[in-house]
Amino acid sequence: MDGRITNRILKLKEIFENSGIITRISKNIKMEIWKKAVINCAINPVGAITGMKNGELIKNEYTAKIMALVVSECIEVAEKEGIAFDEDIFKKTEKIAELTSENENSMLQDIKKRKKTEIEFLNGKVTKIAESHGLKSPYNRTLYFLIKSMEKRYRKDLY
C-alpha cells in the first residue's frame with residue numbers, strides 16, 4: 001500500500017503473467033482501487049436500475065448525465081481521502097463502458113437473478129466516506145437507496 005515494489009509483488013506479477021493474465025504493477029494502489037470503485041459506482045447501479053447494457057448507458061444522454069454526476073461526486077469524496085487521479089475518470093468510465101458495450105454489468109445480473117448486489121461496497125461506501133468528511137452525496141445515496149429497494153423487493157430473506 002505504500003508504493004514499494006517488493007520481491008513478493010514481482011513474484012505475484014510473474015505468476016499471473018505465466019498464467020496468461022496481463023499484469024501491471026502500480027505504485028499508487030489506493031488510487032487504482034478508487035478509480036475502479038468510481039467507474040463501478042457510475043456504471044453498475046445505473047445499468048441495474050435501467051436494465052441497459054454498458055454501451056447503452058453512455059449513448060443515452062440521460063444516463064450519461066447521471067453517470068457524470070456520480071463520477072464528479074465520487075471524485076470529490078476521493079479527494080477528501082487524499083486521492084489524486086492521474087487521468088480524467090469520466091472519460092475512463094466512458095471508455096470502459098464502450099469496451100464492455102455488450103455486457104450487462106454484474107449488478108444488473110445480480111438484480112435479474114434476485115441476488116444480493118455489491119451496492120454496499122460501492123455507492124454505499126462512498127456515501128459513508130462522504131458523511132465522515134461532512135459531504136453530501138445525493139447521487140450516490142439515491143442510487144444506493146434505489147438498488148437497496150430493488151434488493152428488498154426480491155430478497156425478503158435479507159430484510
Side-chain angles (χ1 to χ4, degrees), residues 1-6 8-9 12 23-52 54 57-58 60-100 103-159:
M1 295 299 277
D2 63 7
R4 289 182 300 127
I5 298 174
T6 63
R8 180 175 176 248
I9 291 170
L12 283 170
T23 307
R24 180 178 58 86
I25 296 173
S26 173
K27 289 187 175 187
N28 191 347
I29 193 67
K30 288 179 184 178
M31 179 203 54
E32 299 295 343
I33 291 168
W34 266 96
K35 194 183 297 186
K36 175 87 168 154
V38 171
I39 291 166
N40 284 330
C41 281
I43 293 174
N44 291 13
V46 178
I49 292 163
T50 62
M52 292 180 181
N54 294 352
L57 294 172
I58 54 168
N60 182 299
E61 65 186 289
Y62 301 106
T63 52
K65 181 64 176 171
I66 292 167
M67 291 167 60
L69 292 166
V70 170
V71 168
S72 178
E73 194 172 86
C74 287
I75 290 170
E76 182 181 7
V77 175
E79 287 173 350
K80 289 290 187 182
E81 288 286 293
I83 304 299
F85 294 105
D86 61 355
E87 63 185 309
D88 182 321
I89 301 302
F90 185 68
K91 285 185 179 168
K92 178 76 172 184
T93 302
E94 288 179 316
K95 182 178 178 183
I96 296 298
E98 286 173 17
L99 290 171
T100 61
N103 292 5
E104 288 186 343
N105 72 63
S106 60
M107 195 175 291
L108 173 54
Q109 291 176 42
D110 287 343
I111 289 293
K112 284 184 168 187
K113 293 175 186 173
R114 298 181 177 196
K115 293 173 62 179
K116 186 173 182 172
T117 70
E118 70 270 31
I119 195 70
E120 293 286 345
F121 306 104
L122 294 172
N123 308 78
K125 185 70 171 176
V126 168
T127 298
K128 286 181 182 172
I129 295 170
E131 288 172 356
S132 76
H133 291 288
L135 297 174
K136 303 282 185 206
S137 56
Y139 303 110
N140 280 279
R141 180 179 298 279
T142 299
L143 292 176
Y144 172 78
F145 286 150
L146 287 169
I147 294 295
K148 292 302 283 184
S149 69
M150 294 170 79
E151 282 183 352
K152 186 172 185 176
R153 180 177 183 203
Y154 298 117
R155 293 292 310 263
K156 306 261 187 253
D157 60 312
L158 296 175
Y159 298 91

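- Using a cutoff of 4.0 Å between basic side-chain nitrogens and carboxylate oxygens, Glu81 and Lys30 are not scored as salt-bridged.
- With rounding to the nearest 0.5 angstrom, the CD1 atom of Ile49 is 8.5 Å from the CE atom of Met107.
- The shortest non-hydrogen separation linking Ala84 to Met31 is O-SD, 3.5 Å.
- Going from atom OG1 of Thr142 over to atom CG of Asn123 covers 10.0 Å, rounded to the nearest 0.5 Å.
- Within the model, atoms CD1 of Ile39 and CG of Leu122 stand 11.5 Å from one another, a figure rounded to the nearest 0.5 Å.
- When side chains are defined from C-beta on, Ile119 counts as touching Pro45, because their heavy atoms get closer than 4.5 Å.
- Val77 is listed as a side-chain neighbour of Trp34, based on a closest heavy-atom distance under 4.5 Å.
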Stepwise salt bridge (Lys or Arg N to Asp or Glu O under 4.0 Å) check, Lys95 with Glu87: CA-CA 12 Å; Lys95 182 178 178 183; Glu87 63 185 309; over 6 Å; no
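- A distance of 13.5 Å separates CD1 in Ile96 from CG in Leu57, rounded to the nearest 0.5 Å.
- Heavy-atom minimum distance, Cys41 versus Val70: O-CG1, 3.6 Å.
- For Glu131 and Arg141, the salt-bridge test passes: some basic side-chain N is under 4.0 Å from an acidic carboxylate O.
- A salt bridge links Lys148 and Glu120; the closest N-O separation between the charged side-chain nitrogens and carboxylate oxygens is under 4.0 Å.
- Atom OG1 of residue Thr127 and atom CG of residue Asn140 lie 5.0 Å apart, to the nearest 0.5 angstrom.
- In this structure, the side chain of Asp88 engages the main chain of Phe90 through a donor-acceptor pair within 3.5 Å.
- Shortest non-hydrogen contact noted between Lys116 and Asp110 is O-OD2, 3.5 Å.
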Just do the side chain to side chain contact (heavy atoms under 4.5 Å, CB included) check on Asn40 and Phe121 with the steps written out, would you? CA-CA 10 Å; Asn40 284 330; Phe121 306 104; over 6 Å; no
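- In terms of heavy atoms, Ile9 sits closest to Arg4 at CD1-O, 3.5 Å.
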As a quick check of understanding, evaluate side chain to side chain contact (heavy atoms under 4.5 Å, CB included) for Ile129 and Lys80, giving each step before the final call. CA-CA 9 Å; Ile129 295 170; Lys80 289 290 187 182; over 6 Å; no
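- The nearest pair of heavy atoms linking Tyr62 to Asn60 is N-OD1, 2.8 Å.
- The heavy-atom pair separating Met67 from Ile58 by the smallest distance is CE-CG2, 3.8 Å.
- A distance of 12.0 Å separates CD1 of Ile75 from CD1 of Ile83, quoted to the nearest 0.5 Å.
- At distances below 3.5 Å, not a single donor-acceptor pair connects side-chain atoms of Ser72 with backbone N or O atoms of Leu69.
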